[in-house]
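Heavy-atom basis, side chains included; hydrogens, waters and symmetry copies ignored.
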Amino acid sequence: MNSNKLNINTLVDEAKFTPFHWGVLIWCLMIIIFDGYDLVIYGVVLPILMQEWALSSVQAGLLASTALFGMMFGAMSFGTLSDKLGRKKTIMICITIFSGFTFLGAFATTPTEFGILRFLAGLGIGGVMPNVVALMTEYAPKRIRSTLVAIMFSGYAIGGMASALLGAWLVPTYGWEIMFYLASIPLFTLPLIWKFLPESLMFLTKKGETEQTRIIVQKIAPEQIITPQTKFVLNEATIGDEAPLRALFQQGRTASTLMFWAAFFMCLLMVYALGSWLPKLMIQAGYSLGASLMFLFALNIGGMVGAIGGGVLSDRFHLKPVLTIMFVVGAIALILLGFNSPQAVLYTLIAIAGAATIGSQILLYTFVAQFYPTAVRSTGMGWASGIGRIGAIVGPVLTGALLTFELPHQMNFLIIAIPGVIAALAIFMVNLKASVEGTQKTEPNPEKDTLIKTVAQ
């Protein structure tokens with residue numbers, strides 16, 4: 001290869017994990033924490049709003065769905081916009097939207113006003129997700145890519161837990177509005193994000209931003225010799241990818257794109273069905289309310305462990321077999337939940353179900369991000385996430401309808417497990433030959449294995 005050419009993809013794939021990478025990880029993690037806080041905030045204030053505005057359960061459920069609808073449209077539109085405008089600018093736009101409109105929710109005086117503001121906030125909440133994943137993916141060394149994205153995504157759980165803890169501490173004294181006032185904090189971080197969060201190196205290279213590319217390359221690989229004659233290139237073919245949405249169905253990607261959409265739909269259907277109805281299902285099985293809420297906690301802990309553990313395994317093997325096995329094991333765990341078991345076994349099964357739903361959702365983003373080329377990456381993730389949001393909306397409604405039939409306890413969990421089997425089949429049918437990295441093989445490298453262990457710890 002011409003010595004004056006520097007392949008950016010190879011540089012990123014083979015880079016050592018540097019302080020620069022730590023910076024990208026920390027900023028992306030912080031953004032996801034903000035995003036998670038804003039998403040969970042409604043559940044924290046729901047009991048008070050139902051009392052203050054005299055909402056029925058149906059009205060409260062519809063109000064909750066407004067943010068999910070916003071997330072669906074936000075993921076699709078801002079994912080596509082990012083492939084044209086850039087990751088960094090789109091992320092900042094999304095932060096402004098979700099933080100600003102969540103803050104304005106404190107001033108809503110009617111359910112209608114509140115619902116409109118939650119829909120608008122949802123646009124930003126859904127839009128920031130595929131872009132942060134894309135940015136982290138495009139900077140993470142290949143050998144630890146899945147692990148880093150999974151660690152970053154754990155910020156959702158951190159944001160959700162922070163929202164719940166702050167709500168329990170502050171709301172009784174200051175009222176529900178305080179939660180929405182606090183949601184304005186991300187707006188004050190925008191100048192710092194503009195200064196310290198880098199734009200995607202591959203996006204800069206594609207746009208011919210040579211000077212910015214040179215500065216970032218020297219941070220990633222200080223040992224790399226850069227001369228004024230150095231030409232930065234990408235190894236990805238972009239012919240046919242100029243129209244990102246159409247490109248999802250070109251170059252042999254059609255079937256895999258549809259399989260990703262099916263997997264996202266089924267996975268988020270299970271995530272939101274269990275998140276909304278697990279306590280109720282366990283109460284019907286004869287457990288107390290307190291025990292049922294602890295089951296929900298176990299579900300989320302399992303999700304965090306499943307995401308990070310699955311990320312480490314995926315860097316060792318591949319996302320496709322890891323995800324397929326996780327969905328199958330999760331479906332089996334859900335079926336077994338329908339039978340009486342010792343408490344320790346019950347908590348273990350619920351944690352496995354959390355790993356196979358919440359954890360797999362995070363790994364699905366990683367898989368999609370690594371499947372598509374840079375030019376269409378955010379579009380691919382945005383549309384997969386948007387289709388998944390339909391499942392998120394449908395899941396709680398279908399589960400609620402399921403409970404009205406008063407079926408046996410075992411049958412309820414058997415039905416909820418079916419989407420897991422479908423998701424496993426969908427991932428199994430993804431064609432890796434159509435992937436960006438489908439034909440690339442990595443030789444064993446002891447130094448890489450050591451770095452995986454270091455970062456994972």
Is the backbone of L68 close enough, under 3.5 Å, to the side chain of R389 for a donor and an acceptor to pair up by distance? no

Rounded to the nearest 0.5 Å, how far does CD1 of I393 lie from CG of L269? 11.0 Å

Using modelled atom types only, decide if a donor and an acceptor are shared between the side chain of S163 and the backbone of G159 within a distance under 3.5 Å. no

Shortest non-hydrogen contact between N431 and F371, atoms and distance: O-CE1, 3.4 Å

Run the numbers on I31 and L197 for side-chain contact (heavy atoms from CB on, under 4.5 Å), then give the verdict. CA-CA 11 Å; I31 292 166; L197 183 69; 4.2 Å; yes

Kindly indicate whether the side chain of L201, heavy atoms from C-beta on, has any atom under 4.5 Å from the side chain of V217. yes

Test F203 against K206 for side-chain contact (heavy atoms from CB on, under 4.5 Å), laying out the working first. CA-CA 5 Å; F203 179 84; K206 184 171 176 286; 5.7 Å; no

Measure from the side-chain N and O atoms of R145 to the backbone N and O of A140, and report whether any donor-acceptor pair falls under 3.5 Å. yes

Taking the side chain as C-beta and beyond, is there a heavy-atom pair between F249 and L258 under 4.5 Å? yes

Looking at every non-hydrogen atom in both residues, tell me the closest pair between G380 and L248 and how far apart they are. CA-CD2, 3.6 Å

Report yes if the side chains of I416 and L337 come closer than 4.5 Å at any heavy-atom pair, otherwise no. no

Measuring from atom CD1 of I358 to atom CG of L268, what distance do you get when rounded to the nearest 0.5 angstrom? 10.5 Å

Assess whether atom CZ of F20 is packed by more than 12 heavy atoms of other residues, nucleotides or ligands within 6.0 Å. yes

Among L117, D38, I41, the one residue meeting side chain to side chain contact (heavy atoms under 4.5 Å, CB included) with F180: I41

Kindly assign one of parallel, tilted or perpendicular to the pair H21 and F17, based on the angle between their ring planes and the thresholds 30° and 60°. parallel

Could you tell me the separation between the CG atom of L190 and the NZ atom of K195, rounded to the nearest 0.5 Å? 15.5 Å

Can you find a pair of side-chain heavy atoms, one from V128 and one from F78, that are under 4.5 Å apart? no

Hey, mind stepping through V24 and L148 against side-chain contact (heavy atoms from CB on, under 4.5 Å) and telling me if it holds? CA-CA 10 Å; V24 176; L148 291 179; over 6 Å; no

Side-chain touch K320/I427, heavy atoms, less than 4.5 angstrom: yes

Heavy-atom pair with the smallest gap, counting every atom of G311 and A150: CA-CB, 4.5 Å

Aromatic rings W27 and F196: how do their planes relate, parallel, tilted or perpendicular, breaks at 30° and 60°? parallel

Side-chain donor/acceptor of T189 to backbone N/O of P186, under 3.5 Å: yes

Closest heavy-atom pair and its distance - A307, I362: CB-CD1, 3.6 Å

Return the minimal non-hydrogen interatomic distance between S82 and T90, and the atom names on each side. CA-OG1, 3.4 Å

Would you please classify the geometry between the F260 ring and the Y372 ring as parallel, tilted or perpendicular, with 30° and 60° separating the classes? tilted

Do F98 and F34 have ring centres separated by under 6.0 Å? no

Would you say that more than 12 heavy atoms from the other residues, nucleotides or ligands in this model lie under 6.0 Å from the CZ of F103, or not? yes

With heavy-atom distances below 4.5 Å as the criterion, would you say the side chains of Q361 and M270 are in contact? no

Return yes if some donor-acceptor pair links the side-chain N/O of K88 with the main-chain N/O of W194 below 3.5 Å, else return no. yes

Between the CD1 atom in I390 and the CZ atom in F265, the distance rounded to the nearest 0.5 Å is 7.0 Å

Do the side chains of R118 and T102 get nearer than 4.5 Å, heavy atoms only? yes

Between the main-chain N or O of V430 and the side-chain N or O of S256, is there a donor-acceptor pair closer than 3.5 Å? no

How many angstroms lie between CZ in F101 and CG in L120, if you round to the nearest 0.5 Å? 4.5 Å

Spatial distance of atom OG1 (T18) from atom CD1 (I220) [nearest 0.5 Å]: 7.0 Å

Less than 4.5 Å apart, side chain to side chain, heavy atoms only: is that true for M381 and T137? no

Could you pull out the closest heavy-atom pair between E199 and K89, with the gap in Å? OE2-N, 4.2 Å

Is there a side-chain contact (heavy atoms from CB on, under 4.5 Å) between F153 and T366 once you walk through the steps? CA-CA 10 Å; F153 245 119; T366 311; 5.6 Å; no

Regarding K5 and the six-membered ring of F232, is the cationic atom NZ or CZ under 6.0 Å from the ring centre and inside 45° of its axis? no

